[in-house]
Amino acid sequence: MNEQPLQALVDAADAYEALFVPALFAQWAPRVADAARLRRGESVLDVACGTGVLAREAAARTGTDGRVVGLDPNPGMRAVAGRIAPAVEWREGIAESLPFAEHTFDSVVSQFGLMFFRDRERALGEMMRVLRPGGRLAVAVWDSLERMPAFAREAELLEQHAGRAAADALRAPFVLGDRAELSALFARAGVIGAEITTLGGRARFPSIRTLVGADLRGWLPVMGVSLTEDRIDRVLEASNDALAPWATGDGAAEFELSAHIVTARAP
């Protein structure tokens with residue numbers, strides 16, 4: 001990969017860390033770590049680690065005598081992750097083919113990545129494969145879009161002003177929200193005794209335009225949807241009215257959200 005595309009990926013990852021991590025993802029890292037019951041001295045794999053918010057939480061809990069590995073296929077994400085937490089081991093790889101031997105880790109965790117894996121059943125099987133006997137799995141996915149009305153309204157806004165493809169790109173993170181379907185997925189993957197816990201959280205962005213602009217210029221291109229600046233401007237112009245119920249007195253955008261954390265143990 002030449003320098004210019006890599007720098008673009010690093011810039012996107014920097015924006016992700018600066019905006020999406022504090023607004024959405026940071027609050028879930030301690031919860032996933034709690035679900036995995038991480039302990040000092042353990043070895044932990046974070047699959048689809050992004051810029052490493054969960055891996056950093058794992059490293060804080062396992063200490064200097066533990067081992068934390070963050071795995072992600074995106075070199076920009078890994079570059080930013082390595083800059084923030086150089087003590088963590090950052091590796092390139094995909095969930096469907098983990099580059100580790102069987103029974104390598106005490107815990108495997110993954111936060112909001114399972115929805116995007118090409119072969120989810122195979123990915124879950126790989127996570128179980130690299131767990132030591134009795135090892136712990138904890139995987140977080142977003143709840144259904146219907147239970148998060150702010151994002152549902154934003155998807156409607158995009159469909160109206162940017163088309164179906166843009167709206168579907170925003171809906172994609174919520175495709176595993178149905179608890180029955182999620183449980184069936186783990187069962188098909190051979191994960192025995194998986195338990196699902198649903199927890200509430202809260203998102204906070206500096207403004208409605210920041211929220212929508214981040215999705216338009218950041219998230220949609222990741223999903224293969226690029227809009228013209230004219231189209232982006234039209235969506236942003238309509239966003240304040242469309243998402244007004246979630247505007248706060250200080251100009252921020254704040255709303256409730258929820259996620260499922262699935263836990264299991266290796267045989």
Side-chain angles (χ1 to χ4, degrees), residues 1 6 9-10 12-14 16-17 20-21 25-141 186 189-191 194 261-267:
M1 177 174 292
L6 176 57
L9 291 172
V10 171
D14 273 326
Y16 174 96
E17 174 67 27
F20 286 112
V21 167
F25 301 124
Q27 64 191 294
W28 298 99
R31 293 173 165 193
V32 176
D34 285 345
R37 300 180 182 178
L38 302 185
R39 296 188 289 263
R40 188 170 187 85
E42 290 190 324
S43 58
V44 182
L45 172 64
D46 179 9
V47 179
C49 63
T51 55
V53 62
L54 178 53
R56 296 194 296 269
E57 179 70 24
R61 298 192 182 206
T62 58
T64 55
D65 50 346
R67 178 195 182 196
V68 176
V69 180
L71 185 89
D72 202 283
N74 185 310
M77 292 288 187
R78 296 195 310 274
V80 172
R83 188 176 69 225
I84 298 171
V88 173
E89 182 181 340
W90 306 105
R91 295 281 297 274
E92 178 181 2
I94 60 173
E96 295 87 347
S97 183
L98 297 178
F100 307 102
E102 292 182 4
H103 309 154
T104 299
F105 296 97
D106 296 303
S107 294
V108 175
V109 296
S110 184
Q111 181 168 295
F112 305 123
L114 180 61
M115 304 87 69
F116 305 108
F117 298 159
R118 292 183 180 180
D119 188 333
R120 296 167 187 152
E121 292 178 28
R122 181 172 178 178
L124 289 171
E126 280 287 277
M127 293 182 203
M128 296 300 289
R129 179 184 66 80
V130 301
L131 275 173
R132 292 172 179 155
R136 303 173 303 279
L137 176 71
V139 178
V141 302
F186 276 73
V191 181
I261 299 179
V262 189
T263 55
R265 279 188 175 272

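Nothing fancy with the numbering, it's 1 onward along the sequence. Since this is a predicted model, take the numbers as computed values, not measurements.
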Student: Mind checking what makes side-chain hydrogen bond (donor to acceptor under 3.5 Å, both in side chains) contact with D72, not counting sequence neighbours?
Tutor: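 Result, side-chain hydrogen bond (donor to acceptor under 3.5 Å, both in side chains) vs D72: none returned.
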
Student: Answer yes or no: is there a donor N or O on one side and an acceptor on the other, between the side chain of R265 and the main chain of G134, under 3.5 Å?
Tutor: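 Checking the backbone N and O of G134 against the side chain of R265, a donor-acceptor pair under 3.5 Å is found.
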
Student: Minimum heavy-atom separation for A36 and V109, please, with both atom names.
Tutor: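 Heavy atoms of A36 and V109 come nearest at CB-CG1, 3.7 Å.
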
Student: Could you check if a side-chain atom of R40 sits within less than 4.5 angstrom of a side-chain atom of T64, using non-hydrogen atoms only?
Tutor: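 Side-chain contact under 4.5 Å: yes.
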
Student: Please find the pair of heavy atoms, one from T263 and one from A138, that lie closest to each other, and give the distance.
Tutor: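 Closest approach of T263 to A138, heavy atoms only: CG2-CB, 4.2 Å.
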
Student: Taking all non-hydrogen atoms of both residues, which atom of A13 and which atom of T51 are closest, and how far apart?
Tutor: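 Scanning both residues completely, I find the closest heavy atoms to be O-CG2, 3.6 Å.
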
Student: Could you please spell out the steps behind the side-chain contact (heavy atoms from CB on, under 4.5 Å) verdict for V139 and M127?
Tutor: CA-CA 10 Å; V139 178; M127 293 182 203; 4.2 Å; yes

Student: Give a yes or no on whether a salt bridge exists between R61 and E57, defined as a side-chain N under 4.0 angstrom from a carboxylate O.
Tutor: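 A salt bridge links R61 with E57.
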
Student: I'd like to check L114 versus L124 (side-chain heavy atoms, cut-off strictly below 4.5 Å). Are they in contact?
Tutor: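 Yes - at least one pair of side-chain heavy atoms lies under 4.5 Å apart.
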
Student: Can you tell me how far CG of L38 sits from CG of L54, rounded to the nearest 0.5 angstrom?
Tutor: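 That separation rounds to 7.5 Å.
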
Student: Decide yes or no for D14 and R83: does some side-chain heavy atom of the first lie under 4.5 Å from some side-chain heavy atom of the second?
Tutor: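 D14 vs R83: side chains touch.
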
Student: Assess whether a salt bridge exists between D46 and R56, defined as any Lys/Arg side-chain N lying under 4.0 Å from an Asp/Glu carboxylate O.
Tutor: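 Salt bridge between D46 and R56, a charged N being under 4.0 Å from a carboxylate O: no.
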
Student: Determine, step by step, whether V80 and Y16 satisfy the side-chain contact (heavy atoms from CB on, under 4.5 Å) criterion, reporting the C-alpha distance in whole Å, the side-chain angles of both residues, the deciding distance to 0.1 Å, and the verdict.
Tutor: CA-CA 10 Å; V80 172; Y16 174 96; over 6 Å; no

Student: Could you check if a side-chain atom of V108 sits within less than 4.5 angstrom of a side-chain atom of V130, using non-hydrogen atoms only?
Tutor: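 Answer yes - side chains close enough.
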
Student: Would you say W90's side chain and A85's backbone share a donor-acceptor pair under 3.5 angstrom?
Tutor: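 Such a contact is found between W90 side chain and A85 backbone.
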
Student: Look up atom CZ in R39 and atom OG in S107, then write down how far apart they are to the nearest 0.5 Å.
Tutor: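 Rounded to the nearest 0.5 Å, the CZ-OG separation comes out at 7.5 Å.
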
Student: Where is the tightest heavy-atom contact between P73 and P75, given as atom of each residue plus distance?
Tutor: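 Looking at all heavy atoms of both residues, the closest pair is O-CD, 3.3 Å.
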
Student: If you look at every heavy atom in L131 and A266, which pair is closest and at what distance?
Tutor: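 That closest heavy-atom pairing would be CB-CB, 3.8 Å.
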
Student: Supply the atom-to-atom distance F100 CZ to F105 CZ, rounded to the nearest 0.5 angstrom.
Tutor: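 Result: 4.0 Å between the selected atoms.
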
Student: Describe, in one word, how the ring planes of F25 and F20 are oriented to each other, choosing from parallel (under 30°), tilted (30 to 60°) and perpendicular (over 60°).
Tutor: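 The rings of F25 and F20 sit tilted, inter-plane angle from 30° to 60°.
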
Student: Checking S110 now: which residues fulfil side-chain hydrogen bond (donor to acceptor under 3.5 Å, both in side chains) with it, not counting sequence neighbours?
Tutor: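 Residues passing side-chain hydrogen bond (donor to acceptor under 3.5 Å, both in side chains) with S110: none at all.
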
Student: Checking side-chain hydrogen bond (donor to acceptor under 3.5 Å, both in side chains) against E42, which of R136, R67, R132 comes through?
Tutor: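 With E42 as partner, side-chain hydrogen bond (donor to acceptor under 3.5 Å, both in side chains) holds for just one option, R136.
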
Student: Is there side-chain contact between L98 and L45, with heavy atoms separated by less than 4.5 Å?
Tutor: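 With C-beta onward as the side chain, the pair touches.
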
Student: Which heavy atom in A140 sits nearest to a heavy atom in V32, and how many Å separate them?
Tutor: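 Of all heavy-atom pairs spanning A140 and V32, the closest is CB-CG2, 3.8 Å.
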
Student: Does the side chain of V44 reach to within under 4.5 Å of the side chain of D106, using non-hydrogen atoms?
Tutor: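 Side-chain contact under 4.5 Å: no.
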
Student: Rounded to the nearest 0.5 Å, what's the gap from CD1 on I261 to CZ on R31? Could you check?
Tutor: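 Atom-to-atom, I261:CD1 and R31:CZ are 7.0 Å apart.
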
Student: Do the charged groups of E92 and R78 touch, with an N to O distance under 4.0 Å?
Tutor: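 Salt bridge between E92 and R78, a charged N being under 4.0 Å from a carboxylate O: yes.
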
Student: Nearest 0.5 Å, please: how far is CG in L6 from CG in N74?
Tutor: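 Interatomic distance, N74 CG to L6 CG, rounded to 0.5 Å: 9.0 Å.
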
